[in-house]
Amino acid sequence: MSAQLRSRFVTPGDREAMARSLAGRRIEAIRRHGKFIVCQLDRGVLTIHLGMTGKLLLDGPEGTHSYGVFRLDRGTLVYDDPRQFGSIEYTDALPARVADLGPEPLGISLEDFLARLKARRTRIKPLLLDQGFVRGIGNIYADEILFRARIHPRAVASRLSRRRAMELYAAMRETLALAIEHRGSSISDYVDAAGEKGSFQLLHRVYGREAKPCSECGGPIRRILVVQRGTHYCPRCQRS
DNA sequence: CAGATCACCTGCTTGC
DNA sequence: TGCAAGCAGGTGATCT
C-alpha cells in the first residue's frame, strides 16, 4: 500500500514517519476487535477506530474530511471522518488499548458474564459502555439491550439478581445478533465499507424515541443523562 | 473506585 | 431569514 495521512490523532512528524513505514506494506489479515479495525501487515499493525462519524470506504470519494487515503493493489481505502473523533495508528504490535479490551459480548460465557457483573458496583449503563468490561457496545446498543432486559440504566450492576443478570446476558446477545443481521443502525449517515446503510434503526425500541409510546406499555419513552450520555428508556417497563 | 466535567470537532436540527 | 443553542454513533484526561 501507499498512504497519505491527515489524521489529527497523529502528530505531523509521526504522520510522515507513518506514511514511510506503510509504503510497500502488505495487508495480511484484517480483524475486528470491538470497535477497532486491526490490519495485520507484513511488518507492524495498522489500527483504525471510526469514532462517531468515521467511514472507511473502498474506492470512496475523497473530500474535505478524508484524513487517510490508502492506495492498495486493488482499490483505495478512504478514511473519512467529519468530526475527527476517530484515529489511525501504526505500531509494531497490537496497541495496549486494543489488547486491554474486555471479552466479546457474543463470545463470553454466561458464568463469566455473571461473575464480571457481580464484581462491579457501578451503574449498569456505563458498565455496558466500558470497553474493558465487554468490547464493542456503544450508546445505541446499551439503551436497546437494557430495554430488552427491562433493566433501568441506573441500576447497580452488582445488585442485580442472578435471574435479572441472566436476562441481561440474553438481551445483550439477542440485541447484538439482531443488529448485526440488520447490518447496523443508520441514524444520519452511517454506512458500511461498501457504502450500504443498515436498517436496525427501524427496530429501535427506545433509542431516539423520546416521548414516543413504548412498544410494550404505551407509556412515553424518556430521555435522561447518565454519565453525560443521552439515555433512552421506558420508566414503566425498566426497573432498578 | 465511581462519577462529574471537560475536551476534542463538524454539521444538522430546533427554537426564538 | 438569521443566529444561537442544543444535540450527535466515542474516548480519554483530570478532578472530586
Side-chain angles (χ1 to χ4, degrees), chain A residues 6-12 32-38 47-57 63-68 79-89 95-102 105 116-147 152-160 175-176 178-180 182-193 195-212 221-232 240:
Chain A
R6 294 202 292 128
S7 171
R8 72 186 178 83
F9 273 73
V10 186
T11 60
R32 180 188 62 79
H33 294 252
K35 299 175 189 172
F36 294 88
I37 299 165
V38 177
T47 302
I48 297 169
H49 193 298
L50 301 180
M52 280 166 82
T53 52
K55 293 194 227 2
L56 192 61
L57 294 171
T64 21
H65 298 302
S66 301
Y67 294 104
Y79 176 77
D80 191 86
D81 186 8
R83 280 181 80 181
Q84 302 166 63
F85 283 1
S87 62
I88 298 172
E89 54 185 320
R97 62 191 192 130
V98 177
D100 293 344
L101 289 171
R116 290 175 72 85
L117 205 60
K118 197 79 187 167
R120 301 296 293 269
R121 249 160 287 179
T122 184
R123 315 262 169 191
I124 190 61
K125 165 142 181 187
L127 188 59
L128 289 178
L129 292 176
D130 179 348
Q131 302 299 299
F133 180 69
V134 286
R135 57 176 69 180
I137 296 177
N139 205 35
I140 295 175
Y141 299 107
D143 284 1
E144 293 298 319
I145 288 166
L146 290 172
F147 176 80
H152 193 287
R154 288 205 180 101
V156 175
S158 60
R159 290 204 211 126
L160 290 173
T175 302
L176 295 178
L178 198 59
I180 290 166
H182 289 267
R183 312 197 61 81
S185 304
S186 293
I187 303 294
S188 56
D189 58 2
Y190 163 75
V191 290
D192 66 16
E196 298 290 323
K197 290 193 177 214
S199 63
F200 190 65
Q201 70 281 4
L202 303 174
L203 299 180
H204 288 175
R205 317 278 294 274
V206 285
Y207 186 86
R209 300 195 65 249
E210 184 183 11
K212 290 183 179 160
I221 297 302
R222 186 178 294 171
R223 179 183 179 278
I224 57 172
L225 283 182
V226 179
V227 287
Q228 305 306 110
R229 303 299 304 276
T231 295
H232 312 74
S240 294

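Labels below follow one simple rule: chain letters A, B, ... track the order of the sequence lines, proteins then strands, and each chain is numbered from 1.
- For the C1' atom pair drawn from B:dA2 and C:dG9, the interatomic distance equals 25 Å after rounding to whole Å.
- Distance, A:I140 CD1 to C:dC7 P: 17 Å, rounded to whole Å.
- Remark: the A:S87 side chain and the A:H49 side chain contain no N/O donor-acceptor pair separated by less than 3.5 Å.
- For the pair A:Y207 and C:dG9, the criterion of a side-chain N or O lying under 4.0 Å from OP1 or OP2 is met.
- Note on A:K35: a side-chain N or O is less than 4.0 Å away from OP1 or OP2 of C:dT11.
- Among the protein residues, A:D130 comes within range of no part of the nucleic acid, since none of its heavy atoms lies under 4.0 Å from any strand.
- Among the protein residues, A:R223 comes within range of the sugar-phosphate backbone only, with heavy atoms under 4.0 Å from sugar or phosphate atoms but none that close to a base.
- Residue A:S188 is in base contact, counting any heavy-atom pair closer than 4.0 Å across all strands shown.
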So which protein N/O to nucleotides 8-12 of chain B N/O distances come out below 3.5 Å?
residue, atom, partner, partner atom, Å
B:dC8, O3', A:R8, NH1, 3.2
B:dC9, O2, A:R83, NE, 3.0
B:dT10, O4', A:P82, O, 3.3
B:dT10, O3', A:H65, NE2, 3.1
B:dG11, OP1, A:H65, NE2, 2.9

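- Regarding A:I137, its CD1 atom lies at a distance of 11 Å from the P atom of C:dG10, rounded to whole Å.
- A gap of 16 Å separates the P atoms of B:dC6 and C:dA5, to the nearest Å.
- Contact annotation for A:S185: base contact, defined as any heavy-atom pair under 4.0 Å involving a base atom.
- Taking the P atoms as reference points, C:dG10 lies 24 Å from B:dC1, given to the whole Å.
- At the heavy-atom level, A:Q228 lies under 4.0 Å from base atoms of the strands shown.
- Within the 4.0 Å cut-off from OP1 or OP2 of C:dG9, at least one side-chain nitrogen or oxygen of A:R229 is found.
- Checking A:R6, A:R8, A:Q84 one by one against A:Y67, the side-chain hydrogen bond (donor to acceptor under 3.5 Å, both in side chains) holds for a single residue, A:Q84.
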